[in-house]
Amino acid sequence: MKMKKITANSMQEATIQIRQQLGKDAVILNSKTVVKRKLFGLKKQQMVEVIAVLDQDFEERAGKGLNPAPPLPVLPKKEQVQKLPEEPSFAPKAAKPAPSHPQPLEYVRNERHAGILPDPLIAIDQKLKDQGLDDAIRDECLKGLLTKGAVKENHIKKELEQLLTDMLPAKTSDEPMISSKYIVLFGSTGAGKTTTIAKLAAKTAIQQQKKIAFITTDTYRIAAIEQLKTYAELLNAPLEVCYSREDFVKAQETFKEYDHIFIDTAGRNFKEEAYIKELTDIIPFDESIQSFLVMSATSKYQDMKAMVKRFEHVPINQFIFTKVDETDTMGTIFQIIADSQIKLGFLTNGQNVPEDILEGSPLELTRMVLQS
Ligand SMILES: Nc1nc2c(ncn2[C@@H]2O[C@H](COP(=O)(O)OP(=O)(O)OP(=O)(O)O)[C@@H](O)[C@H]2O)c(=O)[nH]1
Ligand SMILES: [Mg+2]
């Protein structure tokens, strides 16, 4: 896909320029009259501004004798879509051959910087940027939308939803959210680990009628043990406090008849290497453990990115993002998942236990990004 904005004195002149720059298969997407100031702003002149595209893939495939891709199916306004007329006899001969075609992604990027995308695409690009999505994701979206000819608002929404959803790792449909015997939540201080573990445990015990137990390795604050004990008592579930790997192995033996054991960990400054070591010293991260990195949705992108990097040697099966009720910027979460390709487990949206938790899905997250 190649796109050009041409400003000329007349439609005829614009047509000649489009033909010279894009070739005879170019299609006009949009044309409007603009007023340009000349002579240091003293004189106004009416000109035409035309946006034209050439479906380059179509050209290349046709050239190679392959089935050509369909031309752009949807264009802005019916009356604005004009196939270029045959070359007028007075057209000057092209002085030099058309420039070689840039790669599509580079092309989209250049067009964005030159500010000549159709208005609805400019608006959607800005919205995604405001949400915190980076150039690479936005380029991919623009490229996909242009390739599908989605330049009208209603068409954009559907296609964009699909494009964004496809960038996130999908869960298999039969994959239960709580799939292992041991479920461990870790992350930085105050992220909402204990509250979320109580929500998950309560849902598993009440809705799925599973036999559940708790382990905590958070021995730094007396209040932390008390907090989890309160939830355990409410759910009539046992709790073991583990200070070491030996304690942990003993607790595993004690709970061998239980369906799911929810493990709470201490919130620590994730920048400290020692924290990661303590975590892996006590908990054996093997296949029987489903691990969730818990991060607050209100955290900055760079901090989240650093946190994921810090935990790269602890296997992270899925993410949990808490406090989504406290932010309107879901794009940061989207970006982190797209970067890391780690699946989204849950989102929590309030302090109520157990209600304020949702299973995360790529489509739901995409919709949240586009709605906010
Ligand atoms: N608004 C909002 N608050 C939440 C959510 N989840 C947890 N909180 C609140 O965040 C605060 C910290 O929650 P905790 O569960 O104690 O966090 P933690 O990660 O266990 O904290 P440490 O163990 O000290 O590291 C509490 O006031 C929770 O009620 C949420 O989804 N939305
Ligand atoms: Mg806690």
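Start at 1 with the first residue, then count along the sequence. Counting starts at 1 for both ligands and their atoms, in listed order. Small disclaimer: the values here were computed from a predicted structure and weren't measured.
Atom 14 (P) of ligand 1 has Thr195 OG1, 3.4 Å as its closest protein atom, hydrogens excluded (heavy atom only). Of the protein's heavy atoms, Gly350 O, 3.2 Å lies nearest to atom 30 (C) of ligand 1. Looking from atom 27 (O) of ligand 1 to the surrounding protein, the closest heavy atom is Gln351 NE2, 3.3 Å. With respect to atom 22 (P) of ligand 1, the closest heavy atom belonging to the protein is Gly190 N, 3.5 Å. In this structure, atom 32 (N) of ligand 1 lies nearest to the protein heavy atom Asp325 OD1, 2.9 Å. Ranking protein heavy atoms by distance to atom 24 (O) of ligand 1, first place goes to Arg221 NH2, 2.9 Å.
Each of Val241 and Phe255 belongs to its own hydrophobic cluster when Ile, Leu, Val, Met, Phe, Trp and Tyr are linked at side-chain heavy-atom distances under 4.5 angstrom.
Against a heavy-atom cut-off of under 4.0 Å, Asn349 is close to the following atoms of ligand 1: 31 (O). Interface of Gly267 with ligand 1, defined as ligand atoms under 4.0 Å from a residue heavy atom, comprises 25 (O). Listed by number with element, the atoms of ligand 1 under 4.0 Å from a non-hydrogen atom of Glu326 are 1 (N), 2 (C), 3 (N). Residue Thr189 has at least one heavy-atom neighbour below 4.0 Å for each of these atoms of ligand 1: 25 (O). Heavy-atom proximity to Lys193, at under 4.0 Å, picks out these atoms of ligand 1: 15 (O), 17 (O), 18 (P), 19 (O), 20 (O), 21 (O), 22 (P), 25 (O).
Aromatic ring centres of Phe292 and Phe319: separated by at least 6.0 Å.
Sorted by first then second residue, the ring-ring contact (aromatic ring centres under 6.0 Å, His included) pairs that include residues 347-372, not counting sequence neighbours, number zero. Sequence neighbours left out, not one pair with a member in residues 224-233 passes side-chain hydrogen bond (donor to acceptor under 3.5 Å, both in side chains).
The number of heavy atoms from other shown groups lying within 6.0 Å of CG (Asn236) does not exceed 12. Counting heavy-atom neighbours within 6.0 Å of Glu312 CD, excluding the residue itself, gives a total above 12.
Using a 3.5 Å distance cut-off with no hydrogens or angles, the side chains of Asp218 and Thr216 do not pair a donor with an acceptor. In this structure, a donor-acceptor pair under 3.5 Å is absent between the side chains of Asp356 and Thr348.
Atom 8 (N) of ligand 1 has its nearest heavy-atom neighbour, among Lys199, Gln227, Lys323, in Lys323.
In this structure, Lys181 and Lys256 approach most closely via the heavy-atom pair NZ-O, 2.7 Å. Of all heavy-atom pairs between Gln17 and Thr7, the closest is NE2-O, 4.3 Å.
Using cut-offs of 30° and 60° on the angle between ring planes, the pair Phe214 and Phe262 is tilted. Using the six-membered ring where Trp is involved, Phe311 and Tyr275 have ring planes that are perpendicular, over 60° apart on the 30 and 60° scheme.
Checked by distance only, ligand 1 and Val324 stay at 3.5 Å or farther apart across all their nitrogen or oxygen atoms. Between Asp264 and ligand 1, a contact under 3.5 Å exists for no N or O pair. At least one N or O atom of Thr348 sits closer than 3.5 Å to an N or O atom of ligand 1.
Each protein N/O/S atom under 2.8 Å from the Mg ion (ligand 2) was counted, for a total of 1.
Close to ligand 1: Ala191, with a non-hydrogen atom less than 4.0 angstrom away.
With sequence neighbours excluded, no residue forms a side chain to side chain donor-acceptor pair (under 3.5 Å) with Gln371.
Look at Asp125 and Arg138 and you find a salt bridge, because one of the NZ, NE, NH1 or NH2 atoms lies within 4.0 Å of a carboxylate O, short of that distance.
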